[in-house]
Protein chains: 2
Amino acid sequence: MTNLKQLAESLGLSITTVSRALDGYADVSAATRERVREAADKVGYRPNASARRLRRQRAELVAVTLPSDPGHIGPPHFLDMLSGCAEHLAAAGLNLVIAPVPRGESELDICRRFVDGRRVDAMLLVRTKRKDERVEFLQSRGIPFVTNGRTESLMPHPYIDGDGFAGFRAATLRFHAAGHRRIGHIAGPQEYYFAHDRCRGWRAAMEECGLATDLCAEGAPLEQGGYLAALELLRQPSRPTALVCATDEMAIGALRALREIDGGNQISIVGHDDLPMGAFTSPPLSTMRMTGEHLGASFASLLLRAIGGEPAEELQELHAIEFVDRDSHRRPLRAA
Amino acid sequence: MTNLKQLAESLGLSITTVSRALDGYADVSAATRERVREAADKVGYRPNASARRLRRQRAELVAVTLPSDPGHIGPPHFLDMLSGCAEHLAAAGLNLVIAPVPRGESELDICRRFVDGRRVDAMLLVRTKRKDERVEFLQSRGIPFVTNGRTESLMPHPYIDGDGFAGFRAATLRFHAAGHRRIGHIAGPQEYYFAHDRCRGWRAAMEECGLATDLCAEGAPLEQGGYLAALELLRQPSRPTALVCATDEMAIGALRALREIDGGNQISIVGHDDLPMGAFTSPPLSTMRMTGEHLGASFASLLLRAIGGEPAEELQELHAIEFVDRDSHRRPLRAA
DNA sequence: AAGATTCTCCAAAACGTTTTGGGAGTCAAG
DNA sequence: CTTGACTCCCAAAACGTTTTGGAGAATCTT
């Protein structure tokens, strides 16, 4: 509605003075500052965002790329995380835009469009792959970014991740300590770092215990993928007595397979993500979760610090995984 | 990196000509146009978004407000819808920003900030309330917007909604036809239009059948809310034999209550939303879903048409609800 | 009383684009 | 040779801010 020029004219002041009064500079008298602020409040003046962005050479925007592959975006509560992140970014004057990748375009095209069009000050990448072309591109452009999940990139970059290796190793050892010997793993797509990391954790534990690592099936990180992978493992000549699943959604799919095959109370199972839904499955799903509160806020904080120029090495958070004890991991163990 | 001025200088042309060549105007010769395009491609020129926005007086942005109340954002697949919407908006040069409402601020504050700062060309509102202050504000400002869900606003506004009334009425009548007489409703918070609409549908069917409408319990639109509401209904002297639940998440919570109370195979149940998860519950959850493919694309289309100035009356989509037949609605009916 | 310092304020430039309103040429018709 | 139409191009204005580099007046110092 009103712009700086109109506001200045109505006050009999220059544009400069009004602008500086509103920004709280000391070189405008307290009296004038107050007068300007009152007038601005009264007419509901808000600086034009585009003009400010142009002048300041900042986009005041952060983009998060979303894979279009259905179900590959992330767990259902992922939006809550984004929401938390956006909220904290907003407190610093930045808005979060979501940038889905249309079919036929690569994630790289999207990054390029946002970066080269100076549409964003930073980017947030989710569901990193082990070798992630987005990371390589952003590093080459020197634009700040934070990833949700590590990569195998040689150059360090800011990230937040859970220690899936340790978590899945510990869960597997827990099953071993409970007497299980045939412990299966339902794995996510191995090109994703998180899926590979969790698989490695399971495998490491199995090898430490001197057990074979052949009870492993891979599927899409969704209920259906877990269902199919579980059926595959249950068809083996010697069935697993326990299952470690890459995600809760896969575990919930596996639960259905167990119900169909053996009534559902024979095989122990554990997932990862701590979906609220897990407390309501039958049996209630034991799971794992990344420690740390307010993940979204942490992402926002890292993004702001990355924009502020802090080196990547100081912007890496690896969170421990904690076990969530419900019931599904405690099925009675039958003699083999 | 490079801007129009540098590109123009390197070509020995004016800024004007380069700009118009890239935009495909007819008043620059085909030869020059081609030469300019090649040069632009070569240096990877992209117009500065902020400058264009300032000049064009368009933000090239659409914001969607997200309630901060946890779990009140929407169903888990909500992000998929947003992603689809963002994808189609992007094809028209618009980006979608998510605007969560921080604790202590009202949804109105957020709308005001975006609208008055000219940060957006349009807004997308979700989880409408029956009387929605955001709608009233945006109508008074005359800024284009589309809501996910109707409101009781007197002035028509663009929306996409499912016909919850008809869907829940039909589901209730289906139970009645199957012989049920004590049909309960697990309702969402009645200030939300969708929750009220679905409740009305249930109530209308009950009254048509001459049945009492006292078997109704309200809860938060999440598993826990459904769980508590179901417990409440099951404590009644004469229990319901069937439950119509406002959302799948509530229904999944209710399933747990049923398991705890009576082993879980006595009472029929139906939800709404068709969560993928529903195919994997025990028993598999019968549910309802809004008809129509690519909801996100529909939202994008309505937003673009609203920005284009089409009147609100032509931008209202009420979708029929279809029944999804799994198993949970078909529990054997015991004599009362 | 002169010079130095401080306090307020402001004109103008800049950010990078799009758009307006022509200005040279060329060509065909009169 | 003039006129008008057409083709291709461009200088300059505008979008609304922020920031630079002072200017003038008042106050303090000596």
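Here is how names work: the chains are called A, B, and so on, in the same order as the sequence lines, proteins then strands, and each is numbered from 1.
Lys5(A) is linked by a side-chain contact (heavy atoms from CB on, under 4.5 Å) to Asn3(A), Glu9(A), Ile15(A), counting only residues two or more places apart in sequence or in another chain. Here Arg55(A) pairs with nothing under the side-chain hydrogen bond (donor to acceptor under 3.5 Å, both in side chains) rule; sequence neighbours left out. Considering only residues two or more places apart in sequence or on other chains, Ser298(A) meets the side-chain contact (heavy atoms from CB on, under 4.5 Å) condition with Ile160(A), Glu317(A). Among residues two or more places apart in sequence or in another chain, the side-chain contact (heavy atoms from CB on, under 4.5 Å) test is passed with Ile307(A) by Leu94(A), Asp121(A), Ala122(A), Pro144(A).
Using a 4.0 Å cutoff to heavy atoms of chain A, the contacted part of DNA chain D runs 5' to 3' from dG16(D) to dT20(D).
Projected onto DNA chain D by closest heavy-atom contact, Gly12(B) and Ser50(A) fall at different nucleotides, the more 5' of which corresponds to Gly12(B). Heavy-atom distances to DNA chain D give each of Leu13(B) and Ser19(A) a nearest nucleotide, and the one nearer the 5′ end belongs to Leu13(B). Between Arg56(A) and Ala30(A), the one whose closest nucleotide on DNA chain C sits nearer the 5' end is Ala30(A).
For the pair Arg127(B) (side chain) and Phe194(B) (backbone), a donor-acceptor distance under 3.5 Å is absent.
Ile15(A) comes within contact range of at least one nucleobase, with a heavy-atom separation under 4.0 Å. Note on Thr32(B): only backbone sugar-phosphate atoms sit closer than 4.0 angstrom, heavy atoms only; bases stay farther off. Heavy atoms of Asp27(B) sit under 4.0 angstrom from at least one base atom. Counting non-hydrogen atoms under 4.0 angstrom, Arg53(A) reaches nothing in the nucleic acid. If you check every strand for non-hydrogen atoms under 4.0 Å, Ser29(A) touches sugar and phosphate atoms only.
Using a 4.0 Å cut-off between a side-chain N of Lys or Arg and a carboxylate O of Asp or Glu, Glu314(B) and Arg305(B) do not qualify as a salt bridge. Checked for salt-bridge contact, Glu105(B) and Arg113(B) meet the test: a charged N lies under 4.0 Å from a carboxylate O.
From one end of the helix from dA1(C)-dT30(D) to dG30(C)-dC1(D) to the other, with five pairs defining each end axis, the axis direction shifts by 60° (rounded to 10°).
Remark: Phe145(B) CZ to Leu124(B) CG distance equals 11.0 Å, nearest 0.5 Å. Put simply, NZ on Lys129(A) and NE2 on His196(A) are 15.0 Å apart, with the number rounded to the nearest 0.5 Å.
The CZ-C1' distance, from Arg20(A) to dA11(C), rounds to 13 Å in whole Å.
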